[in-house]
Amino acid sequence: DIQMTQSPSSLSASVGDRVTITCRASQSISSWLAWYQQKPGKAPKLLIYKASSLESGVPSRFSGSGSGTEYTLTISSLQPDDFATYYCQQYHSFTWTFGQGTRVEIK
Amino acid sequence: EVPLLESGGGLVQPGGSLRLSCAASGFTLSSYAMSWVRQAPGKGLEWVSAISGSGSGTYYADSVRGRFTISRDNSKSTLFLQMNSLRAEDTAVYYCAKVNGYDPFGYAMDVWGQGTTVTVSS
């Protein structure tokens with residue numbers, strides 16, 4: 001199975017900060033990567049698909065980039081509503097895998 | 001209108017069985033692949049299973065293969081997950097999710113249900 005490693009596992013940031021989360025795959029996933037946001041007690045929400053495509057309705061402060069085995073989610077200016085846990089997920093292989101998650105907390 | 005509504009969760013003893021359902025509304029279920037994802041208490045997301053739009057293709061995580069069966073009834077707009085030989089480590093919130101394509105692969109999960117809780121304990 002393809003392993004997905006996210007870093008950091010948690011971070012503290014202030015409103016207005018630029019935040020970057022990295023996801024590394026154990027082998028090339030050819031940009032078949034999605035990013036999800038999850039708030040406590042809620043279902044995940046799709047933010048980014050195909051590594052860099054913004055899901056409809058998602059604010060433009062969210063962006064994704066990367067290729068091969070290295071991918072990044074960037075929040076250009078952190079807003080109060082963005083404090084949550086973020087997961088990457090590969091859908092390249094016949095078994096999908098998620099990263100372990102990155103918790104974004106208020107500094 | 002809630003696009004995906006899971007049901008069927010509950011408390012079950014180790015070794016027991018449970019059948020989860022996910023009722024879809026607001027879109028044509030047969031046009032999309034579907035998936036189940038679970039989340040153990042305080043843990044991250046774990047993909048469980050996926051099924052193609054027709055139901056002819058089914059895919060499973062190693063942790064559930066041979067014990068869980070995914071299926072669908074497109075005429076009733078419903079997705080199912082039959083869970084047998086349940087273990088304590090299957091305890092989790094189970095989410096159904098719509099895959100944004102007819103085949104599971106090459107598409108992300110764009111619509112999620114609110115989840116149903118499964119607890120495996122004696």
Side-chain angles (χ1 to χ4, degrees), chain A residues 1-10 21 23 25-26 29-58 62 64 66 71 73 84-104, chain B residues 2-6 9 20 22 24 27 32-52 56-66 68 70 92-117:
Chain A
D1 288 359
I2 298 175
Q3 306 304 314
M4 305 299 292
T5 303
Q6 268 183 253
S7 60
S9 56
S10 65
I21 299 169
C23 188
S26 58
I29 55 172
S30 304
S31 297
W32 297 116
L33 182 102
W35 290 97
Y36 300 88
Q37 176 194 66
Q38 188 181 33
K39 296 181 179 179
K42 301 295 185 181
K45 173 186 174 183
L46 177 65
L47 299 176
I48 301 285
Y49 61 95
K50 198 60 164 72
S52 60
S53 296
L54 191 67
E55 174 69 354
S56 177
V58 174
F62 291 92
Y71 298 87
L73 174 70
T85 300
Y86 294 84
Y87 295 92
C88 61
Q89 178 237 335
Q90 66 81 16
Y91 49 103
H92 174 264
S93 69
F94 285 122
T95 53
W96 299 346
T97 43
F98 287 89
Q100 78 276 20
T102 296
R103 185 175 179 182
V104 177
Chain B
V2 178
L4 296 171
L5 187 63
E6 302 95 335
L20 305 184
C22 174
F27 65 97
Y32 297 96
M34 296 292 291
S35 180
W36 289 97
V37 174
R38 68 184 181 185
Q39 186 168 36
K43 303 297 184 181
L45 300 172
E46 180 188 14
W47 173 74
V48 172
S49 183
I51 186 168
S52 63
S56 61
T58 57
Y59 311 88
Y60 299 94
D62 290 344
S63 58
V64 306
R65 186 176 293 112
F68 289 12
I70 191 171
V93 175
Y94 285 73
Y95 296 100
C96 69
K98 169 182 165 286
V99 180
N100 198 20
Y102 183 78
D103 186 82
F105 303 103
Y107 300 94
M109 295 175 278
D110 64 341
V111 179
W112 294 64
Q114 87 293 343
T116 187
T117 300

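Everything numeric here is computed off the predicted structure, so don't read it as measured data. To find a chain, count down the sequence lines: A is the first, B the second, and so on, and within it residues start at 1.
Partners of A:K42 by salt bridge (charged side-chain N to carboxylate O under 4.0 Å, His left out), not counting sequence neighbours: none found. Not a single salt bridge (charged side-chain N to carboxylate O under 4.0 Å, His left out) links A:E55 to another residue, sequence neighbours left out.
Using a 4.5 Å cut-off between heavy atoms, B:S35 contacts chain A through its side chain alone, with no backbone atom that close. Heavy atoms closer than 4.5 Å to chain B are found nowhere in A:S56, neither backbone nor side chain. Interface residue B:V99: only side-chain heavy atoms are found under 4.5 Å from chain A. The parts of A:W96 that come within reach of chain B are both its backbone and its side chain, each placing non-hydrogen atoms under 4.5 angstrom from that chain. When heavy atoms are compared at a cutoff of 4.5 Å, B:D62 approaches chain A solely by way of its side chain, counted from C-beta outward. Contact annotation for A:Y87: only side-chain heavy atoms (C-beta onward) come within less than 4.5 Å of a heavy atom of chain B. If you measure heavy-atom distances from B:A97 to chain A, you find no contacts under 4.5 Å at all. For B:Q39, the part sitting under 4.5 Å from any heavy atom of chain A is the side chain, from C-beta outward, and nothing else.
Under the side-chain hydrogen bond (donor to acceptor under 3.5 Å, both in side chains) rule, A:Q89 has a single partner from A:W35, A:W32, A:Y36, which is A:Y36.
Between A:Q37 and A:V58 there is no side-chain heavy-atom pair separated by less than 4.5 Å. In this structure, A:Y71 and A:C88 have side chains that are not in contact, with every pair of non-hydrogen atoms separated by 4.5 Å or more.
Considering CH2 of B:W47 and CZ of A:F98, their distance stands at 10.0 Å, rounded to 0.5 Å. Atom NZ in B:K43 sits 12.0 Å away from atom CD in A:Q100 (nearest 0.5 Å).
For B:E6 (side chain) and B:G115 (main-chain N/O), a donor-acceptor pair under 3.5 Å exists by modelled atom type. Remark: side-chain polar atoms of A:Q90 are paired, donor with acceptor, to backbone N or O of A:T95 under 3.5 angstrom.
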Mind listing the side-chain donor-acceptor pairs of residues 106-113 of chain B below 3.5 Å, one per line with the distance, residues two or more places apart or on another chain?
{"from": "B:D110", "atom 1": "OD1", "to": "B:K98", "atom 2": "NZ", "distance (Å)": "3.1"}
{"from": "B:D110", "atom 1": "OD2", "to": "B:K98", "atom 2": "NZ", "distance (Å)": "2.9"}
{"from": "B:W112", "atom 1": "NE1", "to": "B:M109", "atom 2": "O", "distance (Å)": "3.1"}

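Residues from residues 43-50 of chain A that place a non-hydrogen atom less than 4.5 Å from a non-hydrogen atom of chain B comprise A:A43, A:P44, A:L46, A:Y49, given in numerical order.
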